[in-house]
Amino acid sequence: METAAQLQGMRIRYDEGQLVVPDVPIIPFIEGDGIGPDIWRATQRMVDGAVEKTYGGQRRIQWLPLLAGERAHEETGEWLPKATLEEIRSHRVAIKGPLTTPVGGGIRSLNVTLRQELDLYACVRPIRYIAGVPSPMRAPEQVDMVIFRENTEDVYTGIEWPAGSEAARRLAAFVTDELGQPVSPEAGIGVKPMTRAGSERIIRAAIDYALAHGRRSVTMMHKGNIMKYTEGAFREWGYALAERDYSGRVITEQALWDEFGGEVPAGKVLLKDRIADIMFQQVILRPAEYDVIACPNLNGDYLSDALAAQVGGVGMAPGANMSDGLAVFEATHGTAPKYANQDKVNPGSLVLSAIMMLEYIGWGEAGRALDAALSATIAEGVVTYDLARQRADAREVKTSEFATAVVAHLGGH
């Protein structure tokens with residue numbers, strides 16, 4: 001029988017709406033800036049260990065390094081080379097560590113640019129508690145939500161002009177004089193575009209996920225009571241989508257009580273909406289009531305990090321940016337440059353994102369094996385410094401040592 005070592009890596013394809021994954025897929029990776037190389041090395045060891053343990057050498061990943069961020073700028077003069085974007089497009093699935101973006105002036109966010117250039121319209125963030133991770137909540141185990149954040153519209157389009165600029169003054173004058181809405185000529189101005197098409201596709205992705213994974217509900221989070229024609233429209237477009245395309249499978253809260261006595265029937269998904277400020281309160285006080293959440297861009301950014309704090313912080317929060325047949329999995333935290341090259345930080349976010357990636361390509365058995373090994377390691381108190389300082393029974397280890405412990409739970413070396 002031909003061994004995996006003899007097999008040549010091949011690209012993942014997307015045919016007729018389905019990923020076609022070979023036994024040795026070529027998967028690009030961007031190790032990232034700051035702590036990126038440390039957590040990537042650990043993550044790669046754990047993923048390779050899980051795949052080897054699960055498939056006994058009949059499957060493996062051929063990793064393809066790509067440039068982005070500081071190293072790319074040093075070597076090519078570009079922060080996000082066009083060649084990197086083309087490789088991700090052609091290979092369909094990639095994974096990345098954190099990338100540097102200066103605050104204020106300077107380069108635009110590389111993460112936002114990557115999403116917009118590749119039209120990765122859905123930022124998917126599963127948030128769930130892993131036993132043994134320190135949490136500020138009394139019952140963090142009740143947190144089990146998946147956020148679908150719209151990635152390409154809203155204020156993240158970057159359409160804005162600084163206060164005092166000619167463009168800002170001209171736009172302020174137009175809005176004041178032509179549209180009758182007074183705006184100070186000295187204001188900085190930004191534009192918040194949201195479309196029916198953009199809103200529908202993120203809400204559709206959330207509903208499809210809920211139906212496919214047996215989830216109970218989808219909640220549209222919005223600030224439509226104030227921003228009526230952007231976030232309010234997001235809500236209205238979502239309900240119209242459900243009525244048009246999901247009749248018989250998706251029910252509203254009114255139908256829940258009028259027709260079903262308050263109990264969601266098996267096989268159906270409840271579609272509801274909540275105003276953003278109330279939502280932040282309710283996911284803390286009543287987390288068990290929320291399941292899949294669909295959000296406009298800015299709301300999703302805030303909520304995903306707030307929920308991550310409930311289960312131990314962004315160091316334990318995975319994420320992916322997706323479109324149809326294209327996905328980039330990523331660490332959801334920053335580069336933490338003061339810890340770079342110290343073999344110190346928690347690789348949890350990137351490992352959990354890699355588990356999402358394994359499920360995405362149809363290798364769920366390996367993903368579940370890695371998830372179980374990760375959970376067992378943390379439950380034993382073998383953790384990196386960020387978790388160790390919050391647990392009296394912890395044994396603090398280096399990033400590489402944590403990877404070794406996880407691989408040992410997989411039955412490897």
Side-chain angles (χ1 to χ4, degrees), residues 27-51 61 63-71 88 93-101 110-111 114-115 120 123-128 130 133 147 304-305 308 311-322 327-337 339-361 363 366-375 377-378 382-387 397-407 409-410:
I27 297 183
F29 72 91
I30 299 167
E31 64 179 10
D33 299 323
I35 60 174
D38 282 347
I39 64 173
W40 170 249
R41 283 190 294 269
T43 297
Q44 183 178 342
R45 281 182 58 207
M46 288 182 267
V47 173
D48 287 344
V51 171
I61 295 172
W63 299 104
L64 175 66
L66 299 181
L67 288 175
E70 292 174 342
R71 183 178 169 191
I88 294 173
V93 176
I95 188 167
K96 59 177 280 294
L99 294 173
T100 296
T101 297
L110 293 179
N111 292 322
L114 188 67
R115 295 164 188 164
L120 300 172
C123 179
V124 183
R125 297 277 299 272
I127 308 290
R128 65 179 175 85
I130 295 176
V133 175
I147 296 175
S304 56
D305 280 3
V311 298
V314 292
M316 295 302 298
N321 298 292
M322 299 178 171
V328 179
F329 298 83
E330 65 178 356
T332 59
H333 51 70
T335 58
Y339 295 121
N341 304 311
Q342 294 183 31
D343 195 21
K344 184 179 180 69
V345 298
N346 181 4
S349 175
L350 193 57
V351 179
L352 290 166
S353 297
I355 292 170
M356 288 180 68
M357 182 189 74
L358 290 170
E359 180 181 355
Y360 180 75
I361 66 173
W363 293 10
R368 289 187 290 274
L370 181 51
D371 187 74
L374 179 76
S375 298
T377 303
I378 293 171
V382 179
V383 291
T384 50
Y385 86 99
D386 57 313
L387 302 183
V397 295
K398 297 178 180 179
T399 310
S400 57
E401 293 170 337
F402 181 79
T404 298
V406 171
V407 172
H409 274 288
L410 288 163

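The structure presented is a predicted model; accordingly, all values stated were derived computationally and were not measured.
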K.L.:
Are L350 and K96 side-chain neighbours, meaning at least one heavy-atom pair lies under 4.5 Å?
P.N.:
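Heavy-atom side-chain distance check fails, nothing below 4.5 Å.
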
K.L.:
If you take all heavy atoms of I127 and A317, which pair is closest and at what distance?
P.N.:
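Heavy-atom minimum between the residues: CD1-CB, 4.3 Å.
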
K.L.:
Applying side chain to side chain donor-acceptor pair (under 3.5 Å), can you list everything that pairs with R71, at least two apart in sequence or on another chain?
P.N.:
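R71: side chain to side chain donor-acceptor pair (under 3.5 Å) contacts with E75.
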
K.L.:
Drop me the distance from I355's CD1 to F329's CZ, to the nearest 0.5 angstrom.
P.N.:
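The distance works out to 12.0 Å.
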
K.L.:
Report the C-alpha separation of Y385 and K398 in whole Å, then their side-chain angles, then the decisive distance to 0.1 Å, and conclude whether the side-chain contact (heavy atoms from CB on, under 4.5 Å) test is met.
P.N.:
CA-CA 8 Å; Y385 86 99; K398 297 178 180 179; over 6 Å; no

K.L.:
Is R128 salt-bridged to D371, going by a charged N under 4.0 Å from an acidic O?
P.N.:
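So R128 pairs with D371 through a salt bridge.
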
K.L.:
Between T377 and V382, is there a donor-acceptor pair closer than 3.5 Å when you use the side chain of the first and the backbone of the second?
P.N.:
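No; zero donor-acceptor contacts below 3.5 Å.
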
K.L.:
Which atoms form the tightest heavy-atom contact between S349 and V314, and what is the distance?
P.N.:
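So the minimum-distance heavy-atom pair works out to CB-O, 3.5 Å.
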
K.L.:
Would you check if the side chain of D343 reaches a backbone N or O of S400 as a donor-acceptor pair within less than 3.5 Å?
P.N.:
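Yes; judged by distance alone, with no hydrogens or angles, the pair exists.
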
K.L.:
Less than 4.5 Å apart, any side-chain heavy atom of N346 and any of V383?
P.N.:
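No - every pair of side-chain heavy atoms lies 4.5 Å or more apart.
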
K.L.:
So which atom in P318 and which in S353 form the shortest heavy-atom distance, rounded to 0.1 Å?
P.N.:
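It is CA-OG, 3.3 Å.
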
K.L.:
Less than 4.0 angstrom from a charged side-chain N to a carboxylate O is my criterion; do R125 and E330 meet it?
P.N.:
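E330 and R125: not salt-bridged.
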
K.L.:
With rounding to the nearest 0.5 Å, note down the distance linking NE2 in H333 to CE in M316.
P.N.:
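The NE2 atom of H333 sits 10.0 Å away from the CE atom of M316.
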
K.L.:
Report the distance from atom CD1 of I35 to atom CD1 of I39, rounding to the nearest 0.5 Å.
P.N.:
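So the gap between those two atoms works out to 4.5 Å.
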
K.L.:
Report the C-alpha separation of T404 and R45 in whole Å, then their side-chain angles, then the decisive distance to 0.1 Å, and conclude whether the side chain to side chain donor-acceptor pair (under 3.5 Å) test is met.
P.N.:
CA-CA 8 Å; T404 298; R45 281 182 58 207; 3.0 Å; yes

K.L.:
Using side chain to side chain donor-acceptor pair (under 3.5 Å) as the criterion, list what pairs up with R41, not counting sequence neighbours.
P.N.:
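Side chain to side chain donor-acceptor pair (under 3.5 Å) check on R41 returns D38.
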
K.L.:
Indicate yes or no for a side-chain donor-acceptor contact from D33 to the backbone of E70 under 3.5 Å, with no hydrogens or angles considered.
P.N.:
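The answer is yes, because a donor-acceptor pair under 3.5 Å joins these two groups.
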
K.L.:
So do L64 and I27 actually touch side chain to side chain, heavy atoms under 4.5 Å?
P.N.:
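I27 does not reach L64 side chain to side chain.
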
K.L.:
Supply the atom-to-atom distance E359 CD to L370 CG, rounded to the nearest 0.5 angstrom.
P.N.:
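The CG atom of L370 is 12.5 Å from CD of E359, to the nearest 0.5 Å.
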
K.L.:
Quick one: are V47 and W63 in side-chain contact, heavy atoms under 4.5 Å?
P.N.:
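Yes, at least one pair of side-chain atoms sits under 4.5 Å.
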
K.L.:
Measure the spacing between CG of L66 and CD1 of I95 and express it to the nearest 0.5 Å.
P.N.:
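Taking CG in L66 and CD1 in I95, the distance rounds to 12.5 Å.
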
K.L.:
What is the minimum heavy-atom distance between G312 and V133, and which atoms define it?
P.N.:
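Reported closest heavy-atom pair: CA-CG1, 3.8 Å.
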
K.L.:
Determine whether L114 and I88 make a side-chain contact, defined as any pair of heavy atoms from C-beta on separated by less than 4.5 Å.
P.N.:
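In contact.
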
K.L.:
Would you name the heavy atoms of A369 and L410 that are closest together and state the gap between them?
P.N.:
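Scanning both residues completely, I find the closest heavy atoms to be O-CD2, 3.6 Å.
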
K.L.:
Which residues satisfy the side chain to side chain donor-acceptor pair (under 3.5 Å) test with W40, sequence neighbours excluded?
P.N.:
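Checked W40 against side chain to side chain donor-acceptor pair (under 3.5 Å); matches are Q44.
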
K.L.:
Between T384 and V345, is any pair of side-chain heavy atoms under 4.5 Å apart?
P.N.:
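T384 vs V345: side chains apart.
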
K.L.:
Quick one, M357 and I61 - any side-chain contact, counting heavy atoms below 4.5 Å?
P.N.:
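Touching, per the 4.5 Å side-chain cut-off.
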
K.L.:
Do I30 and L99 have side chains that get closer than 4.5 Å, going by heavy atoms?
P.N.:
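Result yes, sub-4.5 Å side-chain heavy-atom pair found.
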
